[in-house]
Amino acid sequence: MDFGKAIEAVKADKRVSRAGWNGKGQYIELAACVSYKNAAGEIVNVNHDALGNNAIAFVGTSGVQLGWLASDWQIMSA
């Protein structure tokens with residue numbers, strides 16, 4: 001599937017993965033209420049007028065990171 005269909009699936013609360021990922025059970029999902037701690041130690045709640053405060057979270061074998069490569073996606077079965 002292409003990245004547009006992968007995004008549609010993520011927005012529909014599906015877990016989506018790439019066929020080529022080596023780690024078992026790795027996927028992306030929609031992360032909401034995104035915030036981060038800046039260099040001054042302040043918590044910043046991400047908010048963009050057009051995009052809100054959502055991001056794609058990659059859930060992998062070593063933990064979670066925000067953002068990932070956009071190609072070759074598939075919907076994972078539960």
Side-chain angles (χ1 to χ4, degrees):
M1 93 177 63
D2 65 23
F3 188 63
K5 290 182 180 173
I7 292 298
E8 289 176 23
V10 167
K11 287 180 177 179
D13 296 325
K14 303 285 185 193
R15 292 180 173 178
V16 179
S17 66
R18 291 185 62 220
W21 281 342
N22 295 326
K24 182 176 176 141
Q26 296 183 132
Y27 59 91
I28 62 167
E29 64 186 354
L30 189 62
C33 303
V34 177
S35 62
Y36 66 94
K37 185 188 270 187
N38 67 16
E42 303 164 324
I43 301 297
V44 178
N45 293 314
V46 177
N47 196 11
H48 186 277
D49 287 343
L51 304 175
N53 70 343
N54 296 325
I56 293 174
F58 169 71
V59 180
T61 56
S62 297
V64 178
Q65 77 179 54
L66 295 182
W68 200 253
L69 180 63
S71 63
D72 302 328
W73 298 98
Q74 64 187 7
I75 294 175
M76 290 182 64
S77 58

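Values below: every heavy atom of this structure, side chains too, minus hydrogens, waters and symmetry copies.
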Residues at least two apart in sequence or cross-chain that pass side chain to side chain contact (heavy atoms under 4.5 Å, CB included) with Ser35, listed by chain then number, are Ile43, Asn45

Distance col, row Lys14:NZ vs Leu30:CG, nearest 0.5 angstrom, shows 14.0 Å

Residues at least two apart in sequence or cross-chain that pass side chain to side chain contact (heavy atoms under 4.5 Å, CB included) with Ala40, listed by chain then number, are Asn38, Glu42

So CE of Met76 and CD of Gln26: to nearest 0.5 Å the spacing works out to 9.0 Å

Can I get a per-line list of side-chain donor-acceptor pairs under 3.5 Å for residues 48-57, giving both atom names and the distance, sequence neighbours left out?
residue: His48; atom: ND1; partner: Ala50; partner atom: N; Å: 3.1
residue: His48; atom: ND1; partner: Leu51; partner atom: N; Å: 3.2

Looking only at heavy atoms, the pair that brings Ile28 and Phe58 closest together is CG2-CA, 4.0 Å

Minimum side-chain heavy-atom gap Val59-Glu29 below 4.5 Å:
yes

